[in-house]
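Computed from heavy atoms alone, side chains included, the values below leave out hydrogens, waters and symmetry copies. Here the structure is a predicted model, which means the values were calculated and not measured.
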Amino acid sequence: MTFEEFNGDYSVERMDSVIKALEEVLRSALPQGCITVGVYEAAKSLNMDPDNVVLCILATDDDDVKDVALQIHFTLIQAFCCENDINILRVNNTRRLAHILGGAGIHGSEQMDLHCTLVTVPHASTWKNPAMGKVNRFCKESRCMDQWVPIINLPER
(Lines give C-alpha, C1' and ligand atoms only; values in the text may rest on other atoms or scores of the structure.)
Protein backbone atom coordinates (compact mmCIF):
# COMPACT_ATOMS: atom_id res chain seq x y z
CA MET A 1 0.00 0.00 0.00
CA THR A 2 1.38 3.36 -0.99
CA PHE A 3 1.33 6.42 1.26
CA GLU A 4 -1.34 8.00 -0.97
CA GLU A 5 -3.57 4.93 -0.66
CA PHE A 6 -3.06 4.87 3.12
CA ASN A 7 -3.69 8.61 3.38
CA GLY A 8 -6.83 8.31 1.23
CA ASP A 9 -8.18 5.45 3.34
CA TYR A 10 -7.50 7.45 6.48
CA SER A 11 -9.35 10.44 5.03
CA VAL A 12 -12.39 8.31 4.16
CA GLU A 13 -12.39 6.70 7.61
CA ARG A 14 -11.95 10.10 9.27
CA MET A 15 -14.81 11.62 7.27
CA ASP A 16 -17.07 8.65 8.09
CA SER A 17 -16.20 9.14 11.74
CA VAL A 18 -17.09 12.85 11.58
CA ILE A 19 -20.38 12.09 9.77
CA LYS A 20 -21.33 9.58 12.48
CA ALA A 21 -20.38 12.10 15.18
CA LEU A 22 -22.49 14.80 13.52
CA GLU A 23 -25.45 12.43 13.32
CA GLU A 24 -25.04 11.58 17.02
CA VAL A 25 -24.84 15.27 17.98
CA LEU A 26 -28.03 16.05 16.07
CA ARG A 27 -29.93 13.04 17.39
CA SER A 28 -28.97 13.74 20.99
CA ALA A 29 -29.63 17.51 20.78
CA LEU A 30 -33.08 17.15 19.21
CA PRO A 31 -34.95 15.66 22.21
CA GLN A 32 -33.32 18.27 24.45
CA GLY A 33 -34.81 21.08 22.35
CA CYS A 34 -31.33 22.22 21.30
CA ILE A 35 -31.98 22.36 17.54
CA THR A 36 -33.12 25.42 15.59
CA VAL A 37 -33.98 24.99 11.90
CA GLY A 38 -34.54 27.60 9.23
CA VAL A 39 -32.53 30.57 8.02
CA TYR A 40 -34.84 33.13 9.62
CA GLU A 41 -35.19 31.20 12.90
CA ALA A 42 -31.41 30.69 13.05
CA ALA A 43 -30.78 34.40 12.49
CA LYS A 44 -33.16 35.24 15.36
CA SER A 45 -31.47 32.72 17.64
CA LEU A 46 -27.99 33.98 16.73
CA ASN A 47 -29.10 37.54 17.41
CA MET A 48 -30.70 36.75 20.78
CA ASP A 49 -28.16 34.35 22.28
CA PRO A 50 -25.04 33.62 20.21
CA ASP A 51 -23.08 32.40 23.25
CA ASN A 52 -25.16 29.23 23.47
CA VAL A 53 -24.81 28.24 19.81
CA VAL A 54 -22.17 25.52 19.50
CA LEU A 55 -22.60 24.55 15.84
CA CYS A 56 -24.08 26.02 12.67
CA ILE A 57 -24.89 23.67 9.79
CA LEU A 58 -25.53 25.15 6.36
CA ALA A 59 -27.21 22.63 4.09
CA THR A 60 -27.68 22.72 0.34
CA ASP A 61 -28.76 20.51 -2.49
CA ASP A 62 -27.58 20.81 -6.08
CA ASP A 63 -30.46 23.17 -6.94
CA ASP A 64 -29.52 25.61 -4.17
CA VAL A 65 -26.17 26.58 -5.69
CA LYS A 66 -27.94 28.97 -8.08
CA ASP A 67 -30.10 30.56 -5.34
CA VAL A 68 -28.41 33.96 -4.93
CA ALA A 69 -30.58 35.00 -1.97
CA LEU A 70 -29.70 31.82 -0.08
CA GLN A 71 -25.99 32.32 -0.81
CA ILE A 72 -26.21 35.87 0.58
CA HIS A 73 -27.89 34.54 3.73
CA PHE A 74 -25.14 31.92 4.05
CA THR A 75 -22.42 34.55 3.68
CA LEU A 76 -23.95 36.71 6.40
CA ILE A 77 -24.50 33.77 8.76
CA GLN A 78 -20.94 32.51 8.16
CA ALA A 79 -19.51 35.96 8.91
CA PHE A 80 -21.53 36.20 12.13
CA CYS A 81 -20.48 32.70 13.21
CA CYS A 82 -16.80 33.39 12.50
CA GLU A 83 -16.99 36.64 14.46
CA ASN A 84 -18.57 34.82 17.42
CA ASP A 85 -16.35 31.69 17.34
CA ILE A 86 -19.19 29.37 16.33
CA ASN A 87 -18.18 26.27 14.39
CA ILE A 88 -19.72 25.99 10.93
CA LEU A 89 -20.20 22.99 8.67
CA ARG A 90 -21.67 22.75 5.19
CA VAL A 91 -23.56 19.63 4.26
CA ASN A 92 -24.77 18.72 0.83
CA ASN A 93 -27.97 16.80 1.42
CA THR A 94 -31.04 18.38 3.03
CA ARG A 95 -33.11 15.19 2.63
CA ARG A 96 -30.55 13.21 4.61
CA LEU A 97 -30.37 15.99 7.20
CA ALA A 98 -34.17 15.82 7.59
CA HIS A 99 -33.91 12.06 8.05
CA ILE A 100 -31.21 12.42 10.71
CA LEU A 101 -33.43 14.90 12.53
CA GLY A 102 -36.20 12.30 12.55
CA GLY A 103 -38.27 14.04 9.92
CA ALA A 104 -37.93 17.42 11.66
CA GLY A 105 -37.79 19.00 8.23
CA ILE A 106 -41.30 17.82 7.41
CA HIS A 107 -44.21 19.86 8.76
CA GLY A 108 -47.43 18.30 7.53
CA SER A 109 -47.03 17.98 3.78
CA GLU A 110 -44.80 21.05 3.68
CA GLN A 111 -40.98 20.89 3.70
CA MET A 112 -39.40 23.10 6.37
CA ASP A 113 -36.33 25.19 5.67
CA LEU A 114 -33.34 23.04 6.65
CA HIS A 115 -30.80 25.28 4.92
CA CYS A 116 -29.56 26.46 8.31
CA THR A 117 -29.58 24.34 11.46
CA LEU A 118 -28.17 25.45 14.79
CA VAL A 119 -27.18 23.29 17.72
CA THR A 120 -27.43 25.15 21.02
CA VAL A 121 -26.62 24.38 24.63
CA PRO A 122 -28.94 25.86 27.25
CA HIS A 123 -27.43 28.12 29.95
CA ALA A 124 -27.95 25.64 32.78
CA SER A 125 -26.84 22.63 30.78
CA THR A 126 -23.72 20.65 31.46
CA TRP A 127 -24.25 18.76 28.22
CA LYS A 128 -20.98 17.03 27.43
CA ASN A 129 -21.04 14.97 24.30
CA PRO A 130 -17.93 13.19 22.99
CA ALA A 131 -19.40 13.35 19.48
CA MET A 132 -19.61 17.15 19.76
CA GLY A 133 -15.94 17.15 20.75
CA LYS A 134 -15.11 15.17 17.61
CA VAL A 135 -17.08 17.60 15.40
CA ASN A 136 -15.40 20.58 17.12
CA ARG A 137 -11.94 19.05 16.54
CA PHE A 138 -12.78 18.48 12.88
CA CYS A 139 -13.85 22.13 12.49
CA LYS A 140 -10.73 23.36 14.29
CA GLU A 141 -8.41 21.16 12.20
CA SER A 142 -10.15 22.37 9.03
CA ARG A 143 -9.59 26.00 10.04
CA CYS A 144 -5.91 25.22 10.62
CA MET A 145 -5.80 24.08 6.98
CA ASP A 146 -7.51 27.35 5.89
CA GLN A 147 -10.81 25.61 5.24
CA TRP A 148 -13.05 27.87 7.33
CA VAL A 149 -16.29 26.15 6.39
CA PRO A 150 -15.60 22.44 5.89
CA ILE A 151 -17.97 20.48 3.68
CA ILE A 152 -19.43 17.13 4.67
CA ASN A 153 -21.06 14.94 2.06
CA LEU A 154 -23.98 13.24 3.84
CA PRO A 155 -24.59 9.91 2.13
CA GLU A 156 -28.09 8.54 1.58
CA ARG A 157 -28.87 5.53 3.77
- Task: Check step by step if side-chain contact (heavy atoms from CB on, under 4.5 Å) holds for R143 and N87.
- Result: CA-CA 10 Å; R143 282 192 302 274; N87 287 324; 2.6 Å; yes
- Task: Following the transitive rule for hydrophobic clusters with a side-chain heavy-atom cut-off under 4.5 Å over Ile, Leu, Val, Met, Phe, Trp and Tyr, establish whether V121 and V119 coincide in one cluster.
- Result: yes
- Residue pair A21 / A131: nearest heavy atoms and the distance that separates them: O-CB, 3.5 Å
- Message: For a quick test of reading the model, state the closest non-hydrogen atom pair linking I86 to P50 and the distance between them.
- Response: CD1-O, 3.8 Å
- Item | Gap between atom CG of D61 and atom OG1 of T94 - 0.5 Å precision | 3.0 Å
- Flag yes if V149 and V53 sit in one hydrophobic cluster, no otherwise; membership is Ile, Leu, Val, Met, Phe, Trp, Tyr, and two members link when side-chain heavy atoms are under 4.5 Å apart. yes
- Could you state whether V54 and V37 fall into the same hydrophobic cluster, counting links through intermediate Ile, Leu, Val, Met, Phe, Trp or Tyr residues with side-chain heavy atoms under 4.5 angstrom apart? yes
- Task: Look up atom CD1 in I57 and atom OG1 in T36, then write down how far apart they are to the nearest 0.5 Å.
- Result: 11.0 Å
- Message: To the nearest 0.5 Å, what is the distance between CZ on R27 and CG on L22?
- Response: 10.0 Å
- Query: Just by distance, do the side chain of D113 and the backbone of V39 share a donor-acceptor pair under 3.5 Å?
  - Reply: yes
- Item | For the student: nearest non-hydrogen atoms of A59 and L97, plus distance | CB-CD2, 3.8 Å
- What heavy-atom pair brings S17 and K134 nearest, and what distance separates the two atoms? OG-NZ, 2.8 Å
- Please report the closest heavy-atom contact between V25 and N129, naming both atoms and the distance. CA-ND2, 4.2 Å
- From I100 atom CD1 to L154 atom CG, the distance as rounded to the nearest 0.5 Å: 5.0 Å
- Task: Answer yes if I19 and I35 sit in the same cluster of Ile, Leu, Val, Met, Phe, Trp and Tyr residues linked by side chain heavy atoms under 4.5 Å apart, and no otherwise.
- Result: yes
- Where is the tightest heavy-atom contact between T60 and F74, given as atom of each residue plus distance? CG2-CE2, 3.2 Å
- Message: Test: side chain to side chain donor-acceptor pair (under 3.5 Å). Region: residues 69-85. Which pairs qualify, not counting sequence neighbours?
- Response: none
- Message: Tell me whether S45 contacts the main-chain N or O of E41 through its side chain, where contact means a donor paired with an acceptor under 3.5 Å.
- Response: no
- Message: Could you go through H99 and E156, starting from their C-alpha distance and side-chain angles, then the distance that decides it, and tell me whether this counts as side-chain contact (heavy atoms from CB on, under 4.5 Å)?
- Response: CA-CA 9 Å; H99 184 270; E156 291 291 336; over 6 Å; no
- In the single-linkage hydrophobic clustering (I, L, V, M, F, W, Y; side-chain heavy atoms under 4.5 Å), do L26 and I77 co-cluster? no
- Message: Please determine whether side-chain contact (heavy atoms from CB on, under 4.5 Å) holds for the pair L89 and V18, giving the CA-CA distance in whole Å, both sets of side-chain angles, and the decisive distance to 0.1 Å.
- Response: CA-CA 11 Å; L89 290 174; V18 171; 5.6 Å; no
- Query: Atom CG in N92, atom CD1 in I151: separation rounded to 0.5 Å?
  - Reply: 8.5 Å
- In Å, rounded to the nearest 0.5 Å, how long is the span from CG of L55 to CE of M132? 4.5 Å
